[in-house]
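To start, the structure itself, in structure tokens.
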Amino acid sequence: MRRILVLPFCLALLAGVAFAGCGGSSTESAAPTAAESQDATGQQGSAGGATVAVDMQNTAFNPADVEVAAGDTVEWTNDDDFDHNVVADSGATFKSDDFGKGDTFQWKAAKPGTVTYECTIHPGMTGTITVK
């Protein structure tokens with residue numbers, strides 16, 4: 001008798017597990033990755049503002065100095081065949097993971113000021129963001 005009751009319970013449990021991963025939506029969000037935006041507090045950015053592109057090519061940021069408005073997003077794209085990262089030195093707190101060719105990292109400017117940043121993998125690879 002006990003086995004008969006256990007079987008329907010197990011089947012119901014398995015059905016619930018199988019459907020739990022299907023479709024639906026979630027309000028949870030994972031920690032930002034290199035390809036996701038971050039604002040000055042390290043949180044995922046929201047829509048709005050312009051996007052300013054900075055290419056990472058020939059072991060340099062191009063352009064090395066950009067001017068953006070508060071609310072704009074800076075997007076770095078790695079065009080080199082080797083990994084880079086983007087790490088704020090002053091004026092903001094953001095740090096990407098190392099990312100390869102074709103990958104991007106975004107940061108949303110929240111307030112006016114000057115942000116200096118670098119690729120910590122390649123000494124001398126530096127840039128500046130002036131937020132108006």
Side-chain angles (χ1 to χ4, degrees):
M1 178 82 166
R2 187 174 236 176
R3 287 186 212 180
I4 293 172
L5 294 176
V6 172
L7 182 60
F9 174 76
C10 290
L11 290 174
L13 183 62
L14 286 173
V17 170
F19 289 111
C22 296
S25 64
S26 172
T27 56
E28 291 184 49
S29 63
T33 64
E36 297 175 344
S37 72
Q38 292 183 349
D39 67 15
T41 62
Q43 299 299 308
Q44 277 190 263
S46 59
T51 299
V52 176
V54 176
D55 294 323
M56 303 162 91
Q57 54 190 202
N58 301 318
T59 316
F61 294 109
N62 183 22
D65 302 312
V66 295
E67 187 173 297
V68 301
D72 288 353
T73 298
V74 179
E75 180 177 72
W76 291 267
T77 302
N78 184 351
D79 292 330
D80 283 330
D81 290 328
F82 41 85
D83 286 357
H84 288 296
N85 63 28
V86 184
V87 179
D89 291 322
S90 66
T93 55
F94 57 80
K95 179 181 180 182
S96 75
D97 294 331
D98 298 351
F99 57 101
K101 185 172 185 162
D103 290 334
T104 64
F105 176 74
Q106 294 181 338
W107 171 76
K108 186 170 183 170
K111 61 183 181 178
T114 301
V115 177
T116 60
Y117 65 91
E118 66 179 316
C119 172
T120 60
I121 301 170
H122 302 102
M125 188 174 170
T126 61
T128 304
I129 304 165
T130 303
V131 183
K132 298 287 184 180

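For reference, positions follow the sequence shown, starting with 1.
Once rounded to the nearest 0.5 Å, the distance linking NE2 of H84 with CD of E118 reads 13.0 Å. Distance check, rounded to the nearest 0.5 Å: OG1 of T51 to CD of E75 gives 6.5 Å. For the atom pair N85 CG and D83 CG, the distance stands at 8.5 Å (nearest 0.5 Å). To the nearest 0.5 Å, atoms OG1 (T128) and CD (E67) are separated by 12.0 Å.
Between the side chains of S90 and T116, at least one donor N or O lies within less than 3.5 Å of an accepting N or O. Side-chain contact check for N62 and D55: no donor-acceptor pair (N or O, by modelled atom type) lies under 3.5 Å.
Close placement of the F82 and H122 rings is indicated, their centers lying within 6.0 Å of each other.
Taking the six-membered ring for Trp and thresholds of 30 and 60 degrees, F61 and Y117 have ring planes more than 60 degrees apart, a perpendicular arrangement.
Closest approach of A70 to A110, counting heavy atoms only: CB-O, 3.8 Å. For G71 against K108, the heavy-atom pair with the smallest separation is O-CE, 3.2 Å. Here the shortest heavy-atom pairing between W76 and Q106 reads CZ3-C, 4.5 Å. Pairing each heavy atom of A53 with each of P63, the nearest pair is O-CD, 3.9 Å. In terms of heavy-atom proximity, A64 sits nearest to T126 at CB-O, 4.0 Å.
Although no hydrogens or angles enter the test, the distance criterion places a donor-acceptor pair under 3.5 Å between the side chain of D80 and the main chain of N58. Without hydrogens or angle criteria, N78 side chain to F99 main chain gives a donor-acceptor distance under 3.5 Å.
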> Can you list the steps and then say if V54 with V74 is a side chain to side chain contact (heavy atoms under 4.5 Å, CB included)?
Replying inline: CA-CA 7 Å; V54 176; V74 179; 3.9 Å; yes
>> Evaluate I129 against T114 for side chain to side chain contact (heavy atoms under 4.5 Å, CB included), listing each step before the verdict.
In response: CA-CA 6 Å; I129 304 165; T114 301; over 6 Å; no
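In this structure, the side chains of I121 and D98 come closer than 4.5 Å at one or more pairs of heavy atoms. Side-chain contact check for V86 versus M56: some heavy-atom pair is nearer than 4.5 Å.
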